Engineer: 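One structure, as structure tokens, below. Some questions next.
Computed from a prediction, not measured in an experiment: that's the story for all the values here.
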Amino acid sequence: MNEKEIIWKCRRGTRELDILMSAFYNNYYKTASKSQKDAFIKLLSYEDPKISDLLLNKICSKDIAVNEIADMIRTMSLEAQ
């Protein structure tokens, strides 16, 4: 997936998810490892309610790497407060 596609997929159905996903992309994606980049792209393929539940720690993904990205986004959002 190229950079423009990833940026487009960061745009979600809710403003809160737009902000979180775009912030992760802008602040961490370019320096992330290949496995982290792959996990972020996989997270972007999920439906908004599932992403929200992952970020709110209501559910866990079967993919450990996706859970790690959700943890990173959660931590990033807490640090910004």
Engineer: Does the side chain of Met21 come within less than 4.5 Å of Glu16's, by heavy atoms?
Structural biologist: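 Answer no - side chains too far apart.
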Engineer: What are the two closest heavy atoms between Asp18 and Arg11, and how far apart are they?
Structural biologist: OD1-C, 3.2 Å
Engineer: Under the salt bridge (Lys or Arg N to Asp or Glu O under 4.0 Å) test, which residues partner Asp53, sequence neighbours left out?
Structural biologist: none
Engineer: Does the side chain of Tyr25 reach to within under 4.5 Å of the side chain of Lys9, using non-hydrogen atoms?
Structural biologist: no
Engineer: Any chain of hydrophobic side-chain contacts (each under 4.5 Å) joining Ile19 to Phe40?
Structural biologist: no
Engineer: Check whether more than 12 heavy atoms from other residues, nucleotides or ligands sit under 6.0 Å from atom CD1 of Ile64, and answer yes or no.
Structural biologist: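 No.
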Engineer: Is there a donor-acceptor contact under 3.5 Å from the side chain of Arg12 to the main chain of Leu44?
Structural biologist: yes
Engineer: If you measure from CD1 on Ile51 to CG on Leu56, what distance do you get to the nearest 0.5 Å?
Structural biologist: 11.5 Å
Engineer: Looking at Gln36 and Ile69, what are the two nearest heavy atoms and their distance?
Structural biologist: O-CD1, 3.5 Å
Engineer: Going from CE on Met76 to CG on Leu20, what distance comes out if it is rounded to the nearest 0.5 angstrom?
Structural biologist: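 Taking CE in Met76 and CG in Leu20, the distance rounds to 5.5 Å.
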Engineer: Quick one: CG on Asp63 to CD on Glu68, what's the gap to the nearest 0.5 Å?
Structural biologist: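 One finds 9.0 Å between CG of Asp63 and CD of Glu68.
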Engineer: Using a strict threshold of under 4.0 Å (side-chain N to carboxylate O), is an ion pair present between Asp38 and Lys34?
Structural biologist: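 Looking at Asp38 together with Lys34, the answer is yes, because their closest N to O distance falls below 4.0 Å.
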Engineer: Assess the residue pair Leu43 and Ile73 against the criterion (side chain to side chain contact (heavy atoms under 4.5 Å, CB included)); give the C-alpha distance rounded to whole Å, side-chain angles, the decisive distance to 0.1 Å, and a yes or no.
Structural biologist: CA-CA 11 Å; Leu43 179 63; Ile73 294 170; 3.8 Å; yes
Engineer: So do the side chains of Tyr46 and Ser61 get within less than 4.5 Å of each other, counting heavy atoms only?
Structural biologist: yes
Engineer: Any donor and acceptor pair, going by atom type alone, linking the side chain of Glu5 with main-chain N or O of Asn2 inside 3.5 Å?
Structural biologist: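 Side chain of Glu5 to backbone of Asn2: a pair is present.
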Engineer: When clusters are formed by joining ILVMFWY residues with side-chain heavy atoms under 4.5 Å apart, either directly or through shared neighbours, do Tyr29 and Trp8 land in the same one?
Structural biologist: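 No, Tyr29 and Trp8 fall in different hydrophobic clusters.
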Engineer: Can you list everything that forms a side chain to side chain donor-acceptor pair (under 3.5 Å) with Ser52? Sequence neighbours excluded, please.
Structural biologist: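 Ser52: no side chain to side chain donor-acceptor pair (under 3.5 Å) contacts found.
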Engineer: For Tyr28 and Glu79, which heavy atoms make the closest approach, and how far apart are they?
Structural biologist: OH-OE1, 4.1 Å
Engineer: Taking the side chain as every heavy atom from C-beta outward, state whether Leu54 and Arg74 have any pair of such atoms under 4.5 Å apart.
Structural biologist: no
